[in-house]
Amino acid sequence: MNETSLKIFAAICETGSFTKAANELFITQPAVSRHVQALEHHYGVTLFERRGRNIFLTANGEILRDKTRELFTLHDEIEGLFSDIVELRRGKITICASATVATYMLPSAVADFCRLYPGIQVELVSGNTHEVKRMVDEGEADVGFGGSAGVERKSILKAPIHKERLVIVAPAGCDLCGREVVKPEDMLGYNFIWREKGTQTRLYVRRLFKDTHMPEPSIVVRRVATAKKFAQLEGNLTALPYSVVRREIDDGRLEVLNVQGFDFLVRFNAFINAFRKPGTACTAFLRHLANSDVFTDSASLKSLLEPNR
């Protein structure tokens, strides 16, 4: 099937004449006749019949006319669709991020991006780092943001984008808050709120208590917001990235304990699939983030967009 032949056929249907179609398309009438003959040969049917000086579509010609109109309408829709995508008037991005990033870092950046490009739909899904990597690996997410936990995957490219202090917090006024230094064994009489297995936070807390008789976790939570709520209750302690508890510390609801031997940074990365080039909308979002101050090293996101990555 030749697209040019179909366009010439459509012009004949619209004008009702080989000559008028030729004039409209700036080609010769014999050229118009050859294209019609080519279509008739290709489909094995007669498309036009002559009655005196006039031409009329055969039944098969009417079928082709209708289908050609559908085809060119669809073609125009596709052109318009991808024009909108390229011009960022339309599109969709699926982001999967760990709870800290999804709750405390990305919302303002996503909101700013959506104000710039209101036609782009952004879906933000929260999960732990293992879930983030899986979604990126399996193509369920266009980009992921998570910690350093889990095994490396050849199918995933990463860029280190953020690091910050991990702190242990207690309710304001807790007996431990007034101490210049808190030793790990000093916390054994308190209820420590743990994060789920596979998180950076749980790994670092395990290291802190490895030489103590810390009992097995009695409360394990998956969400940083939940851990923060528990930490504000009397008798509870937990470990969280500083940005998660900054407001509660400023408000006087929580206090940071100066815990001996607890000097850890939590590190976050951006992930994309190594075998799938980011789409237009996702590329625009990553550039938007790279030029922001959302992360301590936002500019490193540009490495994921380099042609020879």
Side-chain angles (χ1 to χ4, degrees), residues 74 77-164 198-200 223-224 241 243 266-309:
L74 180 59
E77 289 177 3
I78 293 171
E79 288 285 330
L81 170 63
F82 282 97
S83 176
D84 285 350
I85 289 173
V86 170
E87 298 297 326
L88 297 172
R89 293 188 293 266
R90 184 186 317 198
K92 181 180 178 181
I93 312 167
T94 300
I95 303 166
C96 186
S98 62
T100 299
V101 180
T103 306
Y104 299 96
M105 300 179 190
L106 284 180
S108 61
V110 170
D112 289 343
F113 181 78
C114 289
R115 278 192 289 269
L116 290 172
Y117 307 105
I120 295 178
Q121 178 187 351
V122 178
E123 181 180 5
L124 179 56
V125 181
S126 180
N128 62 36
T129 298
H130 293 285
E131 292 167 334
V132 170
K133 289 182 177 180
R134 181 194 63 77
M135 287 189 68
V136 172
D137 189 19
E138 296 179 7
E140 295 178 22
D142 299 297
V143 60
F145 299 92
S148 301
V151 297
E152 298 293 328
R153 304 190 187 198
K154 292 182 180 179
S155 57
I156 293 178
L157 296 178
K158 73 176 183 178
I161 54 171
H162 185 79
K163 59 184 177 182
E164 66 174 86
T199 60
Q200 294 180 84
R223 303 299 179 195
V224 291
S243 64
V266 282
R267 303 173 188 274
F268 296 95
N269 303 289
F271 306 105
I272 63 171
N273 192 298
F275 305 114
R276 295 177 66 227
K277 184 178 179 180
T280 304
C282 182
T283 297
F285 179 68
L286 290 176
R287 285 186 178 137
H288 175 75
L289 281 182
N291 293 318
S292 74
D293 59 358
V294 172
F295 306 115
T296 56
D297 190 14
S298 297
S300 68
L301 285 164
K302 295 177 182 177
S303 66
L304 298 179
L305 301 174
E306 294 172 356
N308 296 322
R309 61 180 174 83

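None of the values given here were measured: they were computed from a predicted structure. Values below: every heavy atom of this structure, side chains too, minus hydrogens, waters and symmetry copies.
Atoms CD1 and CZ, on Ile120 and Phe113 in that order, are 4.0 Å from each other to the nearest 0.5 Å. Taking OG from Ser292 and CE from Met105, the interatomic distance works out to 11.5 Å, rounded to the nearest 0.5 Å. Note that the CD1 atom of Ile161 and the CZ atom of Phe271 stand 8.5 Å from one another [nearest 0.5 Å].
For Arg287, the side-chain contact (heavy atoms from CB on, under 4.5 Å) test picks out Thr283, Leu305, with sequence neighbours left out. Contacts of Phe145 classified as ring-ring contact (aromatic ring centres under 6.0 Å, His included), with partners at least two apart in sequence or in another chain: Phe295. Glu131 is linked by a side-chain contact (heavy atoms from CB on, under 4.5 Å) to Asn128, Arg222, counting only residues two or more places apart in sequence or in another chain. Lys163 meets the salt bridge (Lys or Arg N to Asp or Glu O under 4.0 Å) test with no other residue; sequence neighbours excluded. Remark: Gln121 pairs with no residue by the side-chain hydrogen bond (donor to acceptor under 3.5 Å, both in side chains) rule, at least two apart or across chains. Qualifying side-chain hydrogen bond (donor to acceptor under 3.5 Å, both in side chains) partners for Ser108, counting only residues two or more places apart in sequence or in other chains: none. Ser300 pairs by the side-chain hydrogen bond (donor to acceptor under 3.5 Å, both in side chains) definition with nothing, not counting sequence neighbours. Every residue meeting the side-chain hydrogen bond (donor to acceptor under 3.5 Å, both in side chains) condition with Arg223, not counting sequence neighbours, appears here in chain and number order: Ser126. A search for salt bridge (Lys or Arg N to Asp or Glu O under 4.0 Å) contacts involving Asp112 returns Arg115, not counting sequence neighbours.
Residue pairs meeting the ring-ring contact (aromatic ring centres under 6.0 Å, His included) criterion with at least one partner in residues 93-112, sequence neighbours excluded, do not occur; the list is empty. For residues 94-103, the set of pairs meeting the side-chain hydrogen bond (donor to acceptor under 3.5 Å, both in side chains) definition, not counting sequence neighbours, is empty.
Pairing each heavy atom of Val143 with each of Val136, the nearest pair is C-CG2, 4.0 Å. Shortest non-hydrogen contact noted between Asp142 and Lys92 is OD2-O, 4.0 Å. Residues Gln200 and Gly147 come closest through the heavy atom pair NE2-CA, 3.2 Å. Residues His288 and Ala109 share a closest heavy-atom pair of NE2-O, 3.4 Å.
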Could you walk me through whether Val132 and Cys96 pass side-chain contact (heavy atoms from CB on, under 4.5 Å), step by step?
CA-CA 6 Å; Val132 170; Cys96 186; 3.6 Å; yes
Any chance you could lay out the side-chain contact (heavy atoms from CB on, under 4.5 Å) test for Asn291 and Lys302, step after step, and finish with the verdict?
CA-CA 9 Å; Asn291 293 318; Lys302 295 177 182 177; 3.8 Å; yes
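When atom types are taken as modelled, the side chain of Thr129 and the backbone of Gly146 share no donor-acceptor pair closer than 3.5 angstrom.
Using a 30° and 60° split on the angle between ring planes, His162 and Phe268 fall in the tilted class, from 30° to 60°.
Side-chain contact between Val122 and Cys114 is present, with at least one heavy-atom pair separated by less than 4.5 Å.
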